[in-house]
2 protein chains.
Amino acid sequence: MGSVEGNLGVVSALVRSSFLVSAVYAESAREYRLTPQQGQLLCVLMAQPYRISELSAMLRLAKSSLTELVDRTSQRGLVVREPDPDDRRAVRVSLTEQGSELGEAFYLATCERVDQLPSGLDAAERATLGELLSRVVRDNNVPTTFPEWDDTAPATRG
Amino acid sequence: MGSVEGNLGVVSALVRSSFLVSAVYAESAREYRLTPQQGQLLCVLMAQPYRISELSAMLRLAKSSLTELVDRTSQRGLVVREPDPDDRRAVRVSLTEQGSELGEAFYLATCERVDQLPSGLDAAERATLGELLSRVVRDNNVPTTFPEWDDTAPATRG
DNA sequence: AAGCATGGTTCGCCCTGCGAACCAACCAGA
DNA sequence: TCTGGTTGGTTCGCAGGGCGAACCATGCTT
């Protein structure tokens with residue numbers, strides 16, 4: 001374990017690969033004139049509208065941070081606050097049409113970029129990596145802040 | 001591929017696991033009154049002193065960003081600028097004694113926390129995950145911004 | 001009706017990152 | 001030896017991001 005020449009232990013491999021993916025995510029966001037946090041918000045909202053408190057819980061940020069992130073993205077016309085019919089205190093944050101388009105484009109471009117990272121692995125190894133990481137993600141209750149990408153469809157493979 | 005119930009494709013798994021590791025890294029940093037960027041700088045400098053331009057290249061940040069990150073960490077007494085004997089324009093950034101201690105403690109604590117993430121995998125699966133991620137890291141030339149952790153030594157296993 | 005809890009906002013503060021502009025030092029070529 | 005281009009690092013204005021305290025409106029329970 002960790003003794004094969006040049007191989008990292010799982011801990012360092014997780015941390016360094018996290019840096020790698022974060023860097024790629026940031027590069028992709030920059031391409032769409034987004035910050036990583038703005039891109040992440042758009043990806044989260046692709047599934048459905050959320051309340052500020054729900055976004056706060058999913059992203060593990062203070063509510064004030066979400067208030068102001070939503071402020072900035074709504075000023076760009078990407079998201080909108082709407083009253084929550086069930087609770088007059090609450091707002092529901094949803095994507096505008098422009099936000100949907102930009103979010104989708106950012107999401108797909110990010111998937112393409114990230115898809116290149118394990119290109120040195122063969123199909124079986126990719127599947128194994130995906131399966132093992134999926135279990136880590138599931139075991140640690142990682143919220144769905146990035147949609148599932150269907151990378152088996154022919155049109156989505158580069 | 002991606003078709004086993006509940007499993008993600010490798011792309012989404014990489015992105016979501018990156019969010020997970022980033023969150024754990026930030027939590028660990030907070031425990032030591034560090035920001036993730038400050039913690040990362042300390043980890044990088046554990047290996048050796050570096051020039052601002054070298055740190056800029058490793059961390060893929062503007063030189064001005066490193067100038068100011070070094071400013072903030074040196075104000076805390078964690079790092080120090082020293083003249084580069086080979087080039088009077090340059091400075092070498094190195095850890096102070098306090099910075100070494102804090103960096104080491106942060107690094108070890110982070111390793112312990114990250115080590116918990118794949119606890120649902122058995123030893124063979126951990127080894128496979130480490131091997132596959134190592135190859136992704138190596139293939140993408142990820143700089144060594146997080147030291148290798150010897151997780152086979154008995155004293156380092158929780 | 002009252003008190004507690006919750007949803008969200010405001011704001012001061014600090015951290016971070018960028019890019020333009022700048023200065024000092026280095027290096028190669030004439 | 002001199003000159004011009006390159007490099008290393010700094011300063012500063014700007015924008016984004018995150019936190020926590022304080023606050024207000026609303027919901028809920030007693």
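A, B, ... follow the sequence lines: proteins, then strands. Residue 1 opens every chain.
- Salt-bridge formation is detected for the pair A:R135/A:E131: a Lys NZ or Arg NE/NH1/NH2 atom is positioned less than 4.0 Å from an Asp or Glu carboxylate oxygen.
- Not one side-chain nitrogen or oxygen of B:S65 sits closer than 4.0 Å to the OP1 or OP2 atom of C:dG17.
- A salt bridge does not link A:R51 to A:D86: none of the charged nitrogens lies less than 4.0 Å from a carboxylate oxygen.
- Among the nucleotides C:dG17, C:dG8, C:dT16, the one closest to any side-chain atom of B:L61 is C:dG17.
- The interatomic distance linking B:R33 (CZ) with D:dG20 (P) rounds to 11 Å, in whole Å.
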Derivation of the side-chain hydrogen bond (donor to acceptor under 3.5 Å, both in side chains) call for A:Q38 and A:T73: CA-CA 7 Å; A:Q38 291 167 357; A:T73 46; over 6 Å; no
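- Positionally, the nearest nucleotide of DNA chain C for A:R89 lies more toward the 5' end than for the other of A:R89 and A:E68.
- The nearest whole Å value for the distance from the CD atom in B:E82 to the C1' atom in D:dG9 is 16 Å.
- Residue A:R76 is out of contact with every strand shown, counting any heavy-atom pair closer than 4.0 Å.
- To the nearest angstrom, P of D:dG27 lies 10 Å from CG of A:D84.
- Rounded to an integer number of Å, the gap from A:L34 CG to C:dG17 P is 18 Å.
- B:D87 comes within contact range of the sugar-phosphate backbone alone, with a heavy-atom separation under 4.0 Å but no base atom that close.
- In this structure, B:D71 places its CG atom 15 Å from P of C:dC18, rounding to the nearest Å.
- Between A:Q37 and the phosphate of D:dG18, there is a side-chain N or O to OP1/OP2 separation shorter than 4.0 Å.
- Relative ring orientation between A:Y107 and A:F146 is described as tilted, the plane-to-plane angle lying within the 30° to 60° band.
- Using a 4.0 Å cut-off between a side-chain N of Lys or Arg and a carboxylate O of Asp or Glu, A:R81 and A:D71 qualify as a salt bridge.
- Note on B:L66: nothing from the nucleic acid sits closer than 4.0 angstrom, heavy atoms only.
- Taking 3.5 Å as the limit, the base of D:dG20 and the side chain of A:S64 contain a donor-acceptor pair of atoms between them.
- Per the geometry, NZ belonging to A:K63 stands 14 Å off P belonging to C:dA5, to the nearest Å.
- For the OP1/OP2 pair of D:dG9 and a distance below 4.0 Å, the side-chain nitrogens and oxygens of B:R88 include no atom meeting the criterion.
- When the C1' atom of D:dG18 is taken as reference, atom CD of A:Q38 falls 14 Å away, rounded to whole Å.
- Taking atom CZ of residue B:R51 and atom P of nucleotide D:dT7, one finds them 13 Å apart after rounding to whole Å.
- Look at A:S53 and you won't find any side-chain N or O under 4.0 angstrom from OP1 or OP2 of C:dT6.
- Within 4.0 Å of B:R81, counting heavy atoms only, lie sugar-phosphate atoms of the nucleic acid but no base atom.
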